[in-house]
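Heads up: numbering here begins at 1 and tracks the sequence. As the structure is a computational prediction, the values presented were derived from the model and not from experiment.
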Amino acid sequence: MSGSPYVIRGSVSLPEAELMWRFSRSSGPGGQHVNTSDSQVELRFDLAKTEALPPVWKERALERLASRLVGGVITVRASEHRSQWRNRETASVRLAALLAEATAPPPRPRRKSKIPRGINERRLREKKQRGDTKRGRSGRDWG
């Protein structure tokens, strides 16, 4: 995965130069191997300073990811795989997906649909008819 561009959406991708990688030892079980290998991956991307994203996207992402940012930098951690390479892949996919979601355009506002007049009239007519039927059941006028 390293060397290839991390596509967010369309022709926009994250430049490899702006990604900061950090490796450390994963926690949890794994025998002797886990004590010697730095398989946990931490991927950092400076969202506030980047020029890779269109200004509108950048603004949107900064707003939507405000709670996750630390000094304008977004951090993604991956440690579920035993190999560092697979964790790198997972982290970069996760970051790209996060940014794709954060930069997506807002959904179009829902417009209320108008109920056709005929439907309303029919409903009222049927309601009236039902009332007449029920009224006819009360045995008042039965001789």
When you measure from the side chain of Asp46 to the backbone N and O of Val73, does any donor-acceptor pair fall under 3.5 Å? no
Quick one: salt bridge (charged side-chain N to carboxylate O under 4.0 Å, His left out) pairs with a partner in residues 90-115, sequence neighbours left out? Glu80-Arg94
Note: Arg64 and Ala104 closest approach over all heavy atoms is NH1-O, 2.8 Å
Determine the minimum heavy-atom distance between Ala61 and Leu47, stating which atoms define it. CB-CD2, 3.9 Å
For Val41 and Ala91, work out which heavy atoms get closest and say how close. CG1-CB, 4.1 Å
Does Leu62 reach the side chain of Lys58, with side-chain heavy atoms less than 4.5 Å apart? yes
Determine whether a donor-acceptor pair (N or O, by modelled atom type, separation under 3.5 Å) exists between the side chain of Arg60 and the backbone of Thr103. yes
First locate atom CD1 of Ile74, then atom CG of Leu98, and finally report the distance between them rounded to the nearest 0.5 Å. 4.5 Å
4.5 Å side-chain heavy-atom contact, Phe45 and Thr75: no
Apply the test salt bridge (Lys or Arg N to Asp or Glu O under 4.0 Å) to residues Arg130 and Glu126: give CA-CA distance (whole Å), side-chain angles for both, the deciding distance (0.1 Å), then the verdict. CA-CA 6 Å; Arg130 188 89 183 130; Glu126 285 172 358; over 6 Å; no
Other than Val70, which residues form its hydrophobic cluster under the rule that side-chain heavy atoms must be closer than 4.5 Å? none
Are Arg44 and Trp21 in a cation-pi setup, meaning NZ or CZ lies under 6.0 angstrom from the ring centre and within 45 degrees of the ring axis? no
Quick one: pull up CD in Gln129 and CZ in Arg125 and give me the separation to the nearest 0.5 Å. 8.0 Å
Interatomic spacing from CD in Gln84 to OG in Ser39 - rounded to 0.5 Å: 7.5 Å
Stepwise side chain to side chain contact (heavy atoms under 4.5 Å, CB included) check, Leu43 with Arg22: CA-CA 6 Å; Leu43 174 58; Arg22 207 167 93 200; over 6 Å; no
Do His81 and Thr90 come within less than 4.5 Å of each other through their side chains, counting heavy atoms only? yes
To which residues is Ile119 joined in a hydrophobic cluster, defined by side-chain heavy-atom contacts under 4.5 Å among Ile, Leu, Val, Met, Phe, Trp and Tyr, whether direct or through other members? Ile115
Close side-chain approach of Arg88 to Phe23, heavy-atom, < 4.5 Å: yes
With a cut-off of 6.0 Å (strictly less than), are more than 12 heavy atoms of other residues, nucleotides or ligands near CD of Glu63? no
For Arg77, is the CZ atom crowded, meaning more than 12 foreign heavy atoms sit under 6.0 Å from it? no
Any donor-acceptor pair under 3.5 Å linking the side-chain atoms of Asn120 with those of Arg123? yes
